[in-house]
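Treat the numbers as computed from the prediction; the structure is a model and nothing was measured. Each ligand, and each atom within it, is numbered from 1 in the order the structure gives.
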Amino acid sequence: MRVLVTGGAGFIGSHLCDALVARGDEVFVLDNLSTGRYENIEHLDKQITCVVDSTLNQEIVRDLVRETEVVYHLGATVGVKLVVERPVETIVNNIRGTEVVLEEACRYRRKMLITSTSEVYGKGIREEFCEEDDRVIGPTHKHRWGYAASKAIDEFLALAYWREKRHPVAIARLFNTVGQRQTGRYGMVIPNFVRQALMGQPLTVFGDGQQTRCFTSVNDVVPALIKLMDTDACNGEVFNIGSKSKISMIDLARKVVAMTGSRSEIAVIPYEQAYGDGYEDMMHREPCLKKVQAAIGYEPKVSLEQILEAVIAEMRGRLDVPEL
Ligand code: UDP
């Protein structure tokens with residue numbers, strides 16, 4: 001199959017390209033290399049076609065969509081730090097970029113899979129979030145919620161294309177996805193902690209450290225994305241993808257220190273100091289996985305320890321790089 005992956009040079013996109021190439025697909029990548037890195041797909045150099053451009057360039061998107069049979073749309077501005085620092089870019093890229101890709105995919109009737117995010121649930125006080133739950137989004141002066149709102153608009157638009165034009169599109173709401181090639185530069189906690197531990201720097205735990213997250217390996221997420229794309233019954237539906245094993249950030253920091261054998265201290269830092277006032281955190285974020293289990297038999301297999309081992313091993317080899 002000929003497949004287009006927007007954001008294919010990013011962390012998740014590059015792992016998706018690996019899996020698609022391995023199963024014999026002809027892969028085209030569209031990535032503006034803003035947060036993605038060519039190094040992530042360099043090893044696929046001869047096997048894929050990479051176009052360095054933006055999803056905002058409608059002509060390029062049209063050409064690529066016409067060339068291919070299905071479209072995985074992962075291209076987006078992500079990462080809490082980036083989203084808080086560059087809110088205009090975040091909102092424009094995420095809304096207009098998705099609008100362009102949907103419009104062109106619909107023109108040529110190419111099935112789409114869009115990756116969304118657990119951020120769309122906002123700061124709801126429950127621990128477990130189901131696809132149909134109400135969303136609780138904070139005020140507009142907290143830029144973090146601009147990201148959540150932009151991804152929610154993407155979902156609304158995709159579902160509208162399905163309802164009005166019967167355009168086949170499925171939506172994956174990804175919870176905290178982690179693994180090799182993820183950078184800490186845009187705020188993600190695991191690459192940050194591992195890097196800090198390996199450098200002997202204090203691990204920066206934000207807030208009181210009691211907030212919990214459920215981390216999922218990218219190696220569990222990628223096969224699920226492919227199955228959602230390949231299952232017609234998933235059209236017009238939203239699916240959580242994540243894991244049920246939860247850990248607090250303070251315990252995560254302790255685990256990283258133990259697993260790296262680091263002498264680093266753990267520093268508890270107020271949110272305002274970390275992100276300024278554009279940030280609000282949510283205490284818990286755990287997915288309900290019943291829907292995705294029923295649809296594609298999804299079951300995450302990789303443990304947090306296995307994820308951390310892989311990230312630590314990869315980062316040990318790259319510590320000469322000033323910013324990972
Ligand atoms: N976090 C932290 N130290 C860091 C980066 C993040 O304590 O250096 C916290 C952050 O405040 C949040 C959790 O770790 O409570 C997960 O953050 P991340 O940005 O990885 O994902 P998200 O906020 O989207 O769940």
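For residues 234-281, every residue pair satisfying the ring-ring contact (aromatic ring centres under 6.0 Å, His included) rule, not counting sequence neighbours, is listed here: F206-Y275, Y271-Y279, Y275-Y279. Here ring-ring contact (aromatic ring centres under 6.0 Å, His included) pairs that include residues 16-71, with residues two or more places apart or in two chains, number zero. Applying the salt bridge (Lys or Arg N to Asp or Glu O under 4.0 Å) test to residues at least two apart or on different chains, the pairs with a partner in residues 241-257 are E127-K246, E128-K244, K244-E286, K246-E286, D251-R254, K255-E305.
With no hydrogens or angles considered, no side-chain donor-acceptor pair links S118 and R173 at under 3.5 Å.
Between S54 and L30, the closest heavy-atom pair is O-CD2, 4.1 Å.
Within 4.0 Å of ligand 1, protein heavy atoms come from V80, E119, R144, N176, G187, M188, V189, N192, F193, T204, V205, F206, Q211, R213, M249, Y271, Y279, D281, R285.
Around the CD atom of Q201, the shell of radius 6.0 Å holds more than 12 heavy atoms that belong to other residues, nucleotides or ligands.
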